[in-house]
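These notes concern the structure reproduced below.
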Amino acid sequence: LLYNRVGSLDTTLNGIGYVGISGGTTYPTRVKQLADRSIIVIGQSGNNIQVVKIRPDGTPDTAFGSGGFSTIPCSPCLMKDLVELPDAKLLLAGETNFMQPQQPSDLLLARLNANGSLDTTFGTNGFVQHDLPVGSGQFSDEHIGEIALLPNGSIIAAGMTSVSTDHINKQSNGLIIKFLPDGSLDSSFGSGGFVRTIMGDEPTQNAQSFANIATFSNGRIAVAFSAVVRNPNEPTSFIQKAVLTKYLGDGQGDTSFGTRTFDNNIIYDIAATSDDGTMALLQGNLQKFGTDGQLDTEIRRAACRERV
């Protein structure tokens, strides 16, 4: 589906504003519009990464992959997000060992040429894999939720990690990771290229988590993490917890913003505004925070005036 700014379907796409994807069985995870207004869909098809490219008019881009489909063997893995690079290549980010119980998942990057083929000059045959260090006797499951391209070509990512000693009793952590253009960790950022934010103890059964990122013109970075964790007030129960915080360009916390915590809530997405504020889409409402981390009540007053 493609919408105009006013919320109506953009009929320049396929004449009706939407297009069906045929020619493969794809479990989609992300859709992005590229600089030339073409559309990229990434997902999973069996034991493969599936990338589909659609022209602005809704027809498959036959110059990409095979008839608009690029199928990349990668078992078992799942790609969650992508960015378009200045040379029109695509950088995909996700995880290894998707849905493999008791097999730790690692961070995974892949780079595609503009024609959909793997860029074998990147990492090992087009892939870069990272298993972030943890304490002795510990395991970690790492997942990338969202990535962003920085002006110098580096990649900043928000993700989640579960740390345990037995693959069962896990501690949930938010992750912010910085990669150099070649896919290696930027050791000047945080601690060896990443920063962990402890969320709390996870339930033993799988629970959904979210990680989002937004970048600012002044070099600061906002991240949001959401996870199901143990309720500190009732240790036998669990709650949905969301955290919004900001970092400086070197991975140090932005003390002028601080950390906002939301119990019994989820942050689905965040975005930077033109005045360097942070918009957060929570469960049931949209909130804006100023550079000092305080709630911008003007957005709520404006919405009330609009309804009146």
Side-chain angles (χ1 to χ4, degrees), residues 80-86 91 93 107 109 128 130 132-135 140 142-161 163 171-200 209-227 241-262 265-282 286-296 299:
K80 297 284 191 65
D81 200 11
L82 78 152
V83 292
E84 182 182 17
L85 303 177
L91 186 78
L107 306 176
L109 303 176
V128 173
H130 291 285
L132 300 183
V134 289
S140 65
E142 293 131 9
H143 318 272
I144 289 180
E146 193 171 24
I147 61 175
L149 179 66
L150 299 179
N152 66 355
S154 296
I155 298 292
I156 196 79
M160 300 295 295
T161 180
V163 180
Q171 181 192 73
S172 178
N173 292 254
L175 275 178
I176 178 170
I177 318 111
K178 187 177 180 183
F179 303 98
L180 296 173
D182 65 358
S184 61
L185 292 172
D186 183 348
S187 59
S188 68
F189 182 85
S191 176
F194 64 95
V195 179
R196 283 193 179 97
T197 298
I198 296 175
M199 297 289 288
S209 60
F210 299 87
N212 303 99
I213 197 160
T215 59
F216 296 80
S217 57
N218 60 10
R220 284 172 165 76
I221 305 154
V223 291
F225 308 117
S226 300
K241 177 182 177 181
V243 169
L244 174 66
T245 190
K246 287 179 75 173
Y247 292 90
L248 305 178
D250 61 359
Q252 300 300 308
D254 182 356
T255 55
S256 64
F257 187 88
T259 298
R260 305 283 306 204
T261 300
F262 308 86
N265 214 323
I266 300 170
I267 299 178
Y268 291 107
D269 203 1
I270 59 173
T273 63
S274 58
D275 59 355
D276 286 332
T278 304
M279 296 290 292
L281 178 62
L282 291 94
L286 181 67
Q287 297 186 21
K288 180 184 177 185
F289 300 90
T291 56
D292 59 357
Q294 297 302 304
L295 186 65
D296 184 348
I299 187 174

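Owing to the predicted nature of the structure, the values given are computational and were not obtained by experimental measurement.
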Can you tell if the side chain of Phe289 reaches within under 4.5 Å of the side chain of Asp296, non-hydrogen atoms only? no

Taking all non-hydrogen atoms of both residues, which atom of Ala158 and which atom of Phe225 are closest, and how far apart? CB-CE2, 4.4 Å

Looking at every non-hydrogen atom in both residues, tell me the closest pair between Met160 and Ser226 and how far apart they are. CE-O, 4.2 Å

Spell out, as yes or no, whether a donor-acceptor pair under 3.5 Å connects the side chain of Thr245 to the backbone of Ala222. no

When you measure from the side chain of His130 to the backbone N and O of Leu109, does any donor-acceptor pair fall under 3.5 Å? no

Check: Lys178 side chain, Ser154 main-chain N or O, donor-acceptor pair, under 3.5 Å: no

How many angstroms lie between atom CG of Leu286 and atom CG of Leu281, to the nearest 0.5 angstrom? 6.0 Å

Yes or no on side chain to side chain contact (heavy atoms under 4.5 Å, CB included) for Phe179 and Leu185, after CA distance, side-chain angles and deciding distance? CA-CA 5 Å; Phe179 303 98; Leu185 292 172; 3.8 Å; yes

Quick one: pull up CE in Met199 and CG in Asn173 and give me the separation to the nearest 0.5 Å. 9.0 Å

Taking atom CG of Asp254 and atom OG1 of Thr291, what is their separation to the nearest 0.5 Å? 8.5 Å

With side chain to side chain contact (heavy atoms under 4.5 Å, CB included) as the test, would you mind laying out the steps for Lys288 and Asp275 before giving the verdict? CA-CA 11 Å; Lys288 180 184 177 185; Asp275 59 355; 2.8 Å; yes

Just to verify, which of Thr161, Leu107, Leu132 counts as forming a side-chain contact (heavy atoms from CB on, under 4.5 Å) with Phe194? Leu132

Apply side chain to side chain contact (heavy atoms under 4.5 Å, CB included) to Arg196 and Val134, showing your working. CA-CA 11 Å; Arg196 283 193 179 97; Val134 289; 3.2 Å; yes

What pair of heavy atoms forms the shortest contact from Phe262 to Leu244, and how long is it? CE1-CB, 4.2 Å

Got Ile155 and Leu149 here, is their nearest side-chain heavy-atom distance under 4.5 Å? yes

Asn212 side chain vs Phe210 backbone, donor-acceptor pair below 3.5 Å: no

Determine whether Ile213 and Ile147 make a side-chain contact, defined as any pair of heavy atoms from C-beta on separated by less than 4.5 Å. no

Please report the closest heavy-atom contact between Ile267 and Ala280, naming both atoms and the distance. CG2-CB, 4.4 Å

Would you call Lys246-Asp276 a salt bridge at under 4.0 Å N-O? no

Specify the closest pair of heavy atoms between Pro181 and Gly153, including all atoms of both residues, with the distance to one decimal. CG-O, 3.5 Å

Roughly how far, to the nearest 0.5 Å, is CZ of Arg220 from CD of Gln252? 12.0 Å

Reported CD1-to-OG1 distance for the pair Ile221 and Thr278, which is rounded to 0.5 angstrom: 12.0 Å

Stepwise, does the side chain to side chain contact (heavy atoms under 4.5 Å, CB included) test hold for Ile156 with Tyr247? CA-CA 11 Å; Ile156 196 79; Tyr247 292 90; over 6 Å; no

Just how far is it from atom NE2 of His143 to atom OG of Ser209, taken to the nearest 0.5 Å? 6.5 Å

Taking all heavy atoms of Ala272 and all of Phe216, pick out the closest pair and write down the distance. CB-CE2, 3.4 Å

